[in-house]
Student: 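Got a structure for you, questions after.
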Amino acid sequence: MALIYATRYGATKDTAEWIKKGFNRDIDLLNIEEISFSDTAKKYDLFILGSGVWIDGVHKDMLKFMDTQKEELQDKIIASFILCGTTNKDIKGEERIEKYFTKFHSSLDKKPPLNEKFGGRMIIDKLNEKDRKLLDTFYKKVLKREFVSWDRTEPKKAEFFGKKTRKTDAI
Ligand SMILES: Cc1cc2nc3c(=O)[nH]c(=O)nc-3n(C[C@H](O)[C@H](O)[C@H](O)COP(=O)(O)O)c2cc1C
């Protein structure tokens, strides 16, 4: 079994590690940017896939992996998760999160049995210049809020998700 994560600034990798801890069984943690798509899709029987969200959705390589390996991955993806800044505190947030998942799952015939959204992290000092400028403008012009660092990662929830995944019928 493999857990493939897609990260830009590390929160998705941390969350993947907490899920692995809760899963409490042998599972390979793989970075989507470092794998051969076809070899990986063939090598494992089951997958958990997770990605951060940056502007237009999950990592492009994750979508490409799922699209190009569609046949091989059929029925093998038992869980998926995203990390994003959007919270599900209101209807608008819930709708946006649903959209991120819809795009994430667009090449699948059916949704994975388990899907979860986790809080992410944004540390201004760690952002590259392009992202910092883009987000600064987004916060000022769209959100009309001060652009400050935040950390809403959820170690316990991630560990629990790992436990829950272990108990699904698919395993
Ligand atoms: C450049 C950039 C764009 C982002 N765009 C969105 C977005 O459109 N919607 C959202 O909910 N969160 C957005 N976020 C928040 C990220 O989803 C959050 O920081 C998450 O932790 C990213 O995962 P990573 O730390 O593994 O890279 C954005 C973050 C960055 C840095």
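Only heavy atoms go into these numbers, but all of them, side chains included; no hydrogens, no water, no symmetry mates. In each ligand, atom 1 is the first atom listed, and ligand 1 is the first ligand listed.
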Student: Can you check which of Phe138, Tyr9, Trp54 brings a heavy atom nearest to atom 22 (C) of ligand 1?
Tutor: Trp54

Student: Salt bridge or not for Lys157 and Glu116, using N-O below 4.0 Å?
Tutor: yes

Student: Taking only heavy atoms of Leu83 into account, list the atoms of ligand 1 that are under 4.0 Å away from them.
Tutor: 17 (O)

Student: Taking 4.0 angstrom as the limit and counting only heavy atoms of Thr7, give me the atoms of ligand 1 inside it, by number and element.
Tutor: 24 (P), 26 (O), 27 (O)

Student: If we check side-chain contact (heavy atoms from CB on, under 4.5 Å) with Ile82, which of these qualifies: Asn115, Leu49, Val53?
Tutor: Val53

Student: Measuring only between side-chain heavy atoms, which start at C-beta, is Phe81 closer than 4.5 Å to Thr15?
Tutor: yes

Student: Take atom NZ in Lys126; do more than 12 heavy atoms of anything else shown fall under 6.0 Å from it?
Tutor: no

Student: Hey, which atoms in ligand 1 end up nearer than 4.0 Å to a heavy atom of Gly85?
Tutor: 10 (C), 11 (O), 12 (N), 15 (C), 17 (O)

Student: For Ile55, counting its heavy atoms only, list the atoms of ligand 1 lying under 4.0 Å from any of them.
Tutor: 3 (C), 4 (C), 5 (N), 6 (C), 7 (C), 8 (O)

Student: Short N/O distance, under 3.5 Å, between Val53 and ligand 1?
Tutor: yes

Student: Under a 4.0 angstrom heavy-atom cut-off, which atoms of ligand 1 come close to Tyr100?
Tutor: 7 (C), 8 (O), 9 (N), 10 (C), 11 (O)

Student: From atom 2 (C) of ligand 1, work out which of Asp151, Thr86, Leu135 has a heavy atom at the shortest distance.
Tutor: Leu135

Student: Is there a polar contact between ligand 1 and Trp150, counting only N or O atoms under 3.5 Å apart?
Tutor: no

Student: Roughly how far, to the nearest 0.5 Å, is OG1 of Thr86 from CD of Glu95?
Tutor: 12.0 Å

Student: Ignoring angles and geometry beyond distance, decide whether Lys13 reaches within less than 3.5 Å of ligand 1 through its nitrogen or oxygen atoms.
Tutor: no

Student: Could you see which bit of Leu127 sits under 4.0 Å from ligand 1, with heavy atoms only: side chain, backbone, both or neither?
Tutor: side chain

Student: Which of these, Lys133, Met122, Arg121, His59, has its nearest heavy atom closest to atom 19 (O) of ligand 1?
Tutor: Arg121

Student: Can you tell which of Ile48, Thr40, Ile77 makes a side-chain contact (heavy atoms from CB on, under 4.5 Å) with Ile4?
Tutor: Thr40

Student: Using a strict cut-off of 4.0 Å, indicate which atoms of ligand 1 neighbour a heavy atom of Arg8.
Tutor: 1 (C), 24 (P), 26 (O), 27 (O)

Student: Say whether Gly52, considering both its backbone and side-chain N or O atoms, lies within less than 3.5 Å of an N or O atom on ligand 1.
Tutor: no

Student: Which distance, rounded to the nearest 0.5 Å, do you find between the OG1 of Thr87 and the NZ of Lys117?
Tutor: 6.0 Å

Student: Quick one: look at Leu134 and ligand 1, take heavy-atom pairs under 4.0 Å, and tell me if it's side chain, backbone, both or neither.
Tutor: neither

Student: Counting only nitrogen or oxygen atoms and a 3.5 angstrom limit, does Asp131 reach ligand 1?
Tutor: no

Student: Can you tell me the protein heavy atom closest to atom 23 (O) of ligand 1 and the distance?
Tutor: Thr12 OG1, 3.4 Å

Student: In this structure, are over 12 heavy atoms from other groups packed under 6.0 Å from Lys76 atom NZ?
Tutor: yes

Student: When rounded to the nearest 0.5 angstrom, what distance separates CZ in Arg121 from CG in Leu83?
Tutor: 9.0 Å

Student: Are more than 12 heavy atoms, taken from residues, nucleotides or ligands other than Phe147, located less than 6.0 Å from that residue's CZ atom?
Tutor: yes

Student: Pairs of nitrogen or oxygen atoms closer than 3.5 Å, one from Ala11 and one from ligand 1: do any exist?
Tutor: yes

